[in-house]
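Scroll down for the structure; my scribbles are underneath it.
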Amino acid sequence: MIRRLHFDHLWLLAVLALFGSFIALVPTSPHDFWWHLRAGQIVATEGIPHTNRFAWTLPADMPYVYATWLGEWLFYMITLIAGLPGVAIARNVMGLVAFGLVGLDARLRSGSWRLAALAVLLAGLMTINNLPIRTQNWAWIPFAGFACLLAAYAAGRVGSLALLALPALMAFWVNAHGTFVLGLVLIALYVFGETLRRLLNQAGALSWQRLVALYVIAAVTLAICMLNPLGTQIFGYVVKLVADQPSQMLVVEWQAPSMDNFPGKIFYGAVLALLAALALARRRASITDVLIICAFLWLALDGQRSVVWFAMLAMPVLAQALAAPGDAPVREAGPVVVNWLIALMLTALVVMVQPPFKQQWPWPAAYVRAFADVPGAPMIFDSTTPVAAAEWLRVHPDSQERLFNEMSYGSYLIWAVPDGHVFIDTRVELFPFKQWQDYIAISDGSKASQLLDQYGVTRVLLSKSAQSGLQRVLDADPTHWRLEYQDTKSAIYRRAAK
């Protein structure tokens, strides 16, 4: 085994170490994780919920689909066993495994470890703003597994039995995250593309026998999707979520990638590089690859949160297009022992920046301030997490309280103040669009007094940075609102008694 570690392998290992370290070093915002963790607790103690549960502005029995129940339950169980640092480590490991599969796919396609490293580097750079801790993390490995396995099957590198992994992955995926439909789309594109290649008698096309095996696995994988609490209704949930255009307008990650940020620049640059490489490639992409790139590029252009899927699929194809005809031989450079020492150093780098080791290092004060002081999980969640304000609300409860809160604060409050209820939270599709319009009008202060009275709000927890307009309105009206609590990022106001 030791003879197999060549210097060329270290290119990919170095990029993966860089990627793994980056995930561990970047704070996670409070937007999604906390309400999912609370839902996981409910799943573990009461079973899968089916109603609103957390928002006082909607009926308690209003239906809501917790389609990611398994991912939520897993997060909660990890928290019980290893605390919040364990959840962060799980996310980091899932990212490394998924992007490792991207590298493997690129290596098999191109025959070059260096091009595989380039593929992972570009894929990682264009998705660095899409890596927070949330249930989507559980979809990374199934998606990358689907992509790598189907590509290997189409290239004749694995046999039909290997396809049995797809239904097994789907049985998990359909209960962990709604992106399971992307697995079905990927299989469908391979079925269509490879069948077309066979009908056109293209070189390297799958035999009819291997195509039939692919058809059977596609049907079995589709049938496996029924193994979820909603049955066939899971598809209706996904369609409704995707079609909820008004709500999507309110969320940045549902918008197209922007050239105003670094990941967006990398995304558009990689797309241009891919188009040029495909046009000039000495190793042409197959019809199937072109279909997949077009479909997932369209998806990525429609929303930033889908860039990660495009990156995982397209960058291995880019590596293939840049490769010379024929597999490039792996060249060993330097003593094998030195290669292993470098590999161990890269591995140690990734390990030493993981929780709970990270907080032992003498980081600059500015970096430390970027994190919230979440009990039991320092340097994981970012400083916008309202830890102190939530604790104040927890020890100063009010059974008649009607709280108005900043949206992402709502997610943390659902976990940290389980006996309270929020005005709104990050379950964007749950709330009527009119309520979101009211939330924006209150937050910017334009109709704050009128709408707070209309909703009967008795307490306000606001973000000083995101809701400065609202804060000015409340400060200017001491007759009706008095300041109860404040810290550097949050403030709590209470309606004055009449």
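We use all heavy atoms of the structure for the numbers below, so side chains are in, but hydrogens, waters and symmetry mates are not. Everything quoted here is computed from the prediction, not taken from an experiment.
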> After noting the C-alpha distance and the side-chain angles of Q400 and T458, does the key distance pass the side chain to side chain donor-acceptor pair (under 3.5 Å) rule?
Replying inline: CA-CA 8 Å; Q400 304 301 315; T458 61; over 6 Å; no
> Would you say R472's side chain and Q467's backbone share a donor-acceptor pair under 3.5 angstrom?
Replying inline: no
> When the ring planes of W56 and Y455 are compared, do they come out parallel, tilted or perpendicular, using 30° and 60° as the limits?
Replying inline: perpendicular
>> For the backbone of H31 and the side chain of T426, can you confirm whether one donor and one acceptor N or O come within less than 3.5 Å of each other?
In response: yes
>> Show every side-chain hydrogen bond (donor to acceptor under 3.5 Å, both in side chains) that has at least one partner inside residues 139-150, sequence neighbours left out.
In response: none
>> Keeping Q359 on the side-chain end and P356 on the backbone end, is there a donor-acceptor pair under 3.5 Å?
In response: yes
> Is the count of non-hydrogen atoms from other residues, nucleotides or ligands lying under 6.0 Å from H480 atom NE2 greater than 12?
Replying inline: no
> Is the shortest side-chain N to carboxylate O distance from R38 to E72 below 4.0 Å?
Replying inline: no
> Should the ring pair F75 and W138 be called parallel, tilted or perpendicular, given that the plane angle runs from 0 to 90° and is split at 30 and 60?
Replying inline: tilted
>> Rounded at 0.5 Å granularity, tell me how far CG in L125 sits from CG in L18.
In response: 7.5 Å
> Does the ring of W481 carry R494 above it, NZ/CZ under 6.0 angstrom from centre and within 45° of its axis?
Replying inline: no
> Would a distance-only check, ignoring hydrogens and angles, find a side-chain to backbone donor-acceptor pair under 3.5 Å from K464 to T488?
Replying inline: no
>> Working note: Q304 + N130, criterion side chain to side chain donor-acceptor pair (under 3.5 Å); need CA distance, chi angles, decisive distance, verdict.
In response: CA-CA 8 Å; Q304 296 178 35; N130 198 11; over 6 Å; no
> Relative to each other, are the rings of F143 and W309 parallel, tilted or perpendicular (30° and 60° limits)?
Replying inline: tilted
>> For F381 together with F33, are the ring centres under 6.0 Å from each other?
In response: yes
> Is it true that atom CD of Q454 has more than 12 heavy atoms of other residues, nucleotides or ligands lying nearer than 6.0 Å?
Replying inline: yes
> Residues in ring pair (Phe, Tyr, Trp, His ring centres under 6.0 Å) with Y493, at least two apart?
Replying inline: none
> Which pair of non-hydrogen atoms, one from I217 and one from P167, has the smallest distance, and what is that distance?
Replying inline: CG2-CD, 4.3 Å
>> Take a 6.0 Å sphere around CE of M352 and say whether it holds more than 12 heavy atoms from other residues, nucleotides or ligands.
In response: yes
>> Are F310 and F267 an aromatic pair, judged by ring center distance below 6.0 Å?
In response: yes
> Testing Y409, W436, F404 for ring pair (Phe, Tyr, Trp, His ring centres under 6.0 Å) with F423, which one passes?
Replying inline: F404
>> Can you tell me how far apart CD1 (I141) and SG (C148) are? Round to the nearest 0.5 Å.
In response: 12.5 Å
> If every non-hydrogen atom of Q471 is compared with every non-hydrogen atom of A491, which pair is closest and at what distance?
Replying inline: NE2-CB, 4.2 Å
> Can R427 and N52 be said to form a side chain to side chain donor-acceptor pair (under 3.5 Å), step by step?
Replying inline: CA-CA 10 Å; R427 295 175 295 169; N52 158 32; 3.3 Å; yes
> Between F235 and Y237, is the gap from one ring center to the other below 6.0 Å?
Replying inline: no
>> Between T179 and W173, is the side chain to side chain donor-acceptor pair (under 3.5 Å) condition met? List the steps.
In response: CA-CA 8 Å; T179 51; W173 195 357; 3.2 Å; yes
> Would you call the rings of W363 and Y367 parallel, tilted or perpendicular if under 30° counts as parallel and over 60° as perpendicular?
Replying inline: tilted
>> When you measure from the side chain of E406 to the backbone of S408, do you find a donor-acceptor pair of N or O atoms at a distance under 3.5 Å?
In response: yes
>> Which residues pass the salt bridge (Lys or Arg N to Asp or Glu O under 4.0 Å) test with D453, not counting sequence neighbours?
In response: R495
>> Could you walk me through whether Y190 and F192 satisfy the ring-ring contact (aromatic ring centres under 6.0 Å, His included) test, starting with their C-alpha distance in whole Å, then the side-chain angles of each, then the deciding distance to 0.1 Å, before giving a yes or no?
In response: CA-CA 5 Å; Y190 267 95; F192 180 76; over 10 Å; no
